[in-house]
Amino acid sequence: MLKSEIKRLVRRHTEIGILVISLCLVLLFTLTSEGRWANAYNIGTILQVTATLGLMTLGVALVIGTGEIDISVGSTFGIGALIYLWFAVRIDPVFAALLAVGAGALIGAFNGILVTRTKTPSLIITLGSLMIFRGLAIALTDGFSFSVPYKERDGFSYSVLGGAEFLGINTGFYWLVAGLAVLLIALKMTPWGNRLLAVGGSAASAHSRGVRVERIKLSAFVVCGVLAAFAGTLEASKLGFADGSMGRLMELQAIAACVLGGCVLAGGRISLPGAVLGAFVLSSVQSYLVVTGVRPQWFILLLGLIVVFAALGDRTLRRWSLKN
């Protein structure tokens, strides 16, 4: 009886696997770091990193839900950060954030239109976008960084946009929680969410039922671009500077977090809470390497191993849950 209930729970909630992994890693890191990992300051730092990576991951998960992929989010993150810092000191931080988010929406629309109109694989389109906008970011900074002096970052707008802490946690994390809540409601309780998953499950079947497949895919790319650019805004507000390399390799971490969280790359099945937990796991691993003195270069190796074993583990767990 208990076994059948566990199987039913696994079938209904794809994030079960990553939740178990998260709890095991927290226990392991706590026991082996001699208090250097499990302390208030370090946990706050992990949540800061999770906030920006998590927002980007939510957008990537939505695109994956439609059966597509967006690997341009790292450069969109960087463009958002640069636009925000450039205009924040010249106009207003809030207006600068809106401009950054608008730029992210345009990049997302650029990707979405090319994918839906040309029928070119999204991997190819977004790979091109990644290089285009990364090159643009490097060209704009010309080897220098955009920055805002620390004394000018003490206003309310900077604080709300990730530049301060509330209850010991960076305000960016509260944006992640709010974004997750809004997207969960949209995914579970609106026609748009049902259509998005239907498109990922079978675009032909969804089209036969009257779903405008191209419009749904385009909207997913736009939301993805918005979230990536806003994540860059929060990171830039926290750090106070950005250069052309900002967001480099974050697209790989976002995809890895989605895989860890139970998102099926073929589309049709995603878990937004699982994707956020995946971002938390990756941030925790990176932090653990730092506090234990392991060279950060090993993180990429571990990232690859985590993705492979997570994919195999998820597949094994799903097969077990489907057996009678």
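- Side-chain contact between L130 and E251: present, with at least one pair of heavy atoms (C-beta onward) separated by less than 4.5 Å.
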Kindly indicate, with the supporting measurements, whether the criterion ring-ring contact (aromatic ring centres under 6.0 Å, His included) is fulfilled by W37 and F29. CA-CA 7 Å; W37 187 85; F29 293 166; 5.4 Å; yes
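- At least one side-chain heavy atom of L183 sits less than 4.5 Å from a side-chain heavy atom of L62.
- Residues V211 and I216 meet the side-chain proximity criterion, which asks for heavy atoms closer than 4.5 Å.
- The salt bridge (Lys or Arg N to Asp or Glu O under 4.0 Å) analysis of residues 55-77, with sequence neighbours excluded, yields the pairs E68-K217.
- The shortest side-chain heavy-atom distance between Q253 and Q286 falls under the 4.5 Å cut-off.
- Remark: S33 OG to N42 CG distance equals 8.0 Å, nearest 0.5 Å.
- In this structure, L58 and L176 have side chains that are in contact, with non-hydrogen atoms separated by less than 4.5 Å.
- Here salt bridge (Lys or Arg N to Asp or Glu O under 4.0 Å) pairs that include residues 104-115, with residues two or more places apart or in two chains, number zero.
- With no hydrogens or angles considered, a side-chain donor-acceptor pair links S129 and N111 at under 3.5 Å.
- Residue pairs meeting the salt bridge (Lys or Arg N to Asp or Glu O under 4.0 Å) criterion with at least one member in residues 194-216, sequence neighbours excluded, are K119-E214.
- T233 contributes atom OG1, which lies 11.5 Å from atom CD1 of I79 (distance to the nearest 0.5 angstrom).
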